[in-house]
Amino acid sequence: MIKKIIIGAALLLVLAAGLWIGGPIYRNSKQRQFLAQARDYLAKSDFTHAIFAARQTLAINPANVEANRVIAQIAENLRSDQAIAWRMKVVALEPGVLQNHLDLVRVALMLGATVRAQAALRDVPETNRNTSAYQQMAALTAIANDDVALAAAHFAQAARLDPDNKKIQFDLAVLNLQSREPKDVDAARVVLDRLRADPAWRVDALRHLATVSLRSKDYPKALEYTAELAADPNAAFEDRLMRLTALRTSHSPDFPAALAQFQTESAGKPEDINTLGSWMIANDLADPALAWLGSLPGTTRALQPVAAAMADCYAAKKDWAGLQTLLQDQNWADADFARLALVSRAFKEQKRTVPAQATWRSAVNAAGNRLPALSALFRMAKNWEWPLEQEQLLWAIVEGYPGERWALQSLNQLYLATGNTAGLQKVYVTLVQFDPTDLVAKNNLADISLLLNLQTDRAHELAREVRTRYPNDPVFASTYAFSLHLKGKTVDGLKALEVFREEDLEKPSVALTYGVLLAASGDATKAKKYLDLAETGKLLP
């Protein structure tokens, strides 16, 4: 009996040892299995199963970098704001890997989160900054912030670090074409002329060389480059149309024959017909365009791209009754939302408000929840200067596609232009919800909320948080100072501002706060200077 007990105890010890040893082995095996599945599903764009497999991996090991990277890639493919959070997790797990930081910057730029992109760049270790990859990403971030000079400097450094990289050479040349310095433009032309000899870069180089020649009215060069571009089999139809532009702007006698040739070549190609029709309208040739389109066979005119070109001709001629008649009984299938929008405009231009509104609602309904359709309707409403319709479409895009950060940026511009403070508050609330790391959005939300006396406790906290994170930013400090003033601490608010240079205090948005606080403290004479400076900027009501 004792022997059996000893043997049983020994077996239990062996089993326990096996479990202790086999547990980690088993977990590692399952981790590798789930991760392999996640990668396989991702390669097949089966995002549902890829996320499930990656989550299974993370359930075993939350620090698995590759599983986090898989989910980050899926979120990026779906243009989800969550892509930023997942890329940040990858950086946290592997902070020394440059590519992780650059992926975060790239995704932030893709989603329009330029502040997040700048912060990610700042987090790149100094030892990794003297690389071509870093300099290129820094250049793209500068472009996103409209800082062309800084972008050119970064591209130049990238070119020095990787002198044989033709993409960097091309990007720097294209950027330098926008320079106000003639020597920079001349240097860019030399680079593009050299790339023009490379089949891989020929069309791109010719396109930009032709563009800068047309812009500078160097017609001999423009004719030379556009002739080469039109003859290149890899050139798109839009590229080849630059030949017509060069011939027309240079008043060449060859223009009529070239236009007729393009019209003949586009026959049977509805998209090319539409493109050529648009070009003719843009070049004040709406009447000839309508005559040409009207001469096409009836079956061709019934095709949506051709019908759309004819509609554009009527709109260019401001023949609204003709436009309404043309489109009233047509059906453009998946693009019918655009036809209905054009009919709505025809009604509106004829002062027929009720049918215009009803037809616009039909256009929005026809677009449904399709992002391309909603975006196209927004562009139409923007071109027609219809602010209410723009606003409605942009919010529909924000709610249905949170990753489309451009929609929030467009709402921001729309509300700034119209002085809609309440609308801006809604935009900043949404921005902060999407990206809690966006300090600019937090500062703006605090400022707007304090102006509107909405959610003031939250606004005061946001103002304090942002100023604490970046104490040397005068705009952030001005919001914090205004917050202190509203809490009865005007003296403390003035102290928060008076550490800055005079040129910082004279910025209109900062000057306004400083002037208000000075006036509140009894220094009306000094306050007047800053309140007058504030009037030079665009202020919200």
Is the closest side-chain donor-acceptor distance between [X] and [Y] under 3.5 Å?
X	Y	answer
Y480	N443	no
Q73	R87	yes
Q135	T131	no

Next on the checklist: Evaluate K507 against D504 for salt bridge (charged side-chain N to carboxylate O under 4.0 Å, His left out), listing each step before the verdict.
Outcome noted: CA-CA 6 Å; K507 294 177 180 177; D504 291 327; 3.8 Å; yes
[X] side chain vs [Y] backbone, donor-acceptor pair below 3.5 Å:
X	Y	value
N412	L408	no
T456	N453	no
D239	A235	no
H101	P95	yes
R79	L111	no
S80	E76	no
D438	V440	yes
D46	Y41	no
Q425	T421	no
Q455	S449	no

Could you check whether atom [atom1] of [X] has more than 12 heavy atoms from other residues, nucleotides or ligands sitting under 6.0 Å from it?
X	atom1	result
R458	CZ	no
E385	CD	no
F52	CZ	no
R469	CZ	no
K167	NZ	no

Would you say that [X] contacts [Y] through its side chain, given a criterion of any heavy-atom pair below 4.5 Å between the two side chains?
X	Y	value
T275	L241	yes
V466	T479	no
L497	T513	yes
I281	C313	yes
L512	F482	no
S509	V475	yes
D103	V90	no
E465	T468	no

Checklist entry - When you look at Q324 and Y314, which way does the side-chain hydrogen bond (donor to acceptor under 3.5 Å, both in side chains) test go after all the steps? => result CA-CA 9 Å; Q324 177 194 335; Y314 279 104; over 6 Å; no
Passing candidate, side-chain contact (heavy atoms from CB on, under 4.5 Å) with [X], options [options]:
X	options	answer
L484	R467, H460, K489	K489
M88	L93, N100, V107, L104	L104
L323	L327, D319, T325	L327

Next on the checklist: Checking E498 against Y514 for the side-chain hydrogen bond (donor to acceptor under 3.5 Å, both in side chains) test, could you report, in this order, the C-alpha distance in whole Å, the side-chain angles of both residues, the deciding distance, and whether it holds?
Outcome noted: CA-CA 9 Å; E498 286 169 349; Y514 193 38; 3.2 Å; yes
Which atom pair, heavy atoms only, marks the closest approach of [X] to [Y]?
X	Y	result
A363	A341	CB-N, 3.7 Å
S344	A356	OG-O, 2.8 Å
A481	G493	CB-O, 3.4 Å
P305	N274	O-ND2, 2.8 Å
P387	L414	O-CD2, 3.9 Å
F500	A477	CE1-CB, 3.3 Å

Next on the checklist: Please evaluate residues E389 and K382 with respect to the criterion salt bridge (charged side-chain N to carboxylate O under 4.0 Å, His left out), reporting the C-alpha separation (whole Å), side-chain torsions for both, the decisive distance (0.1 Å), and the verdict.
Outcome noted: CA-CA 8 Å; E389 288 79 1; K382 185 177 182 180; over 6 Å; no
Next on the checklist: Tell me if the centroids of the rings in H208 and F170 come within less than 6.0 Å of each other.
Outcome noted: yes
Checklist entry - Strictly under 6.0 Å, is that where the ring centroids of F378 and W386 end up? => result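 For F378 and W386, the ring centres are not under 6.0 Å apart.
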Checklist entry - Nearest 0.5 Å, what's the CG-NE2 distance between D171 and H154? => result 14.0 Å
Next on the checklist: side chain to side chain contact (heavy atoms under 4.5 Å, CB included), that's the test. Do L98 and R129 meet it? Break it down for me.
Outcome noted: CA-CA 9 Å; L98 174 62; R129 295 187 182 186; over 6 Å; no
Checklist entry - Charged N to carboxylate O below 4.0 Å: is that the case for R69 and E66? => result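 Looking at E66 together with R69, the answer is yes, because their closest N to O distance falls below 4.0 Å.
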Checklist entry - Passes salt bridge (charged side-chain N to carboxylate O under 4.0 Å, His left out), D532 versus K528? Steps please. => result CA-CA 6 Å; D532 288 344; K528 184 178 185 306; 2.8 Å; yes
Next on the checklist: Before you tell me yes or no, could you show the steps for V429 and L445 under side chain to side chain contact (heavy atoms under 4.5 Å, CB included), namely the whole-Å CA-CA distance, both residues' side-chain angles and the distance that decides it to 0.1 Å?
Outcome noted: CA-CA 6 Å; V429 166; L445 175 57; 3.5 Å; yes
Item to check | Criterion side chain to side chain contact (heavy atoms under 4.5 Å, CB included) on V427 and W395, from CA distance to verdict | outcome: CA-CA 9 Å; V427 167; W395 278 117; 4.0 Å; yes
Next on the checklist: Between T245 and W279, is the side-chain hydrogen bond (donor to acceptor under 3.5 Å, both in side chains) condition met? List the steps.
Outcome noted: CA-CA 9 Å; T245 302; W279 182 91; 2.9 Å; yes
Checklist entry - When you look at L371 and I397, which way does the side chain to side chain contact (heavy atoms under 4.5 Å, CB included) test go after all the steps? => result CA-CA 7 Å; L371 177 61; I397 292 170; 3.8 Å; yes
Item to check | Derivation and outcome, side-chain hydrogen bond (donor to acceptor under 3.5 Å, both in side chains), residues N369 and Y401 | outcome: CA-CA 9 Å; N369 62 354; Y401 299 90; 4.9 Å; no
Next on the checklist: Could you tell me if K348 sits above the aromatic ring of W320, with its cationic atom closer than 6.0 Å to the ring centre and no more than 45 degrees from the axis?
Outcome noted: no
Item to check | Criterion salt bridge (charged side-chain N to carboxylate O under 4.0 Å, His left out) on K529 and E502, from CA distance to verdict | outcome: CA-CA 12 Å; K529 168 189 173 182; E502 182 61 25; 2.9 Å; yes
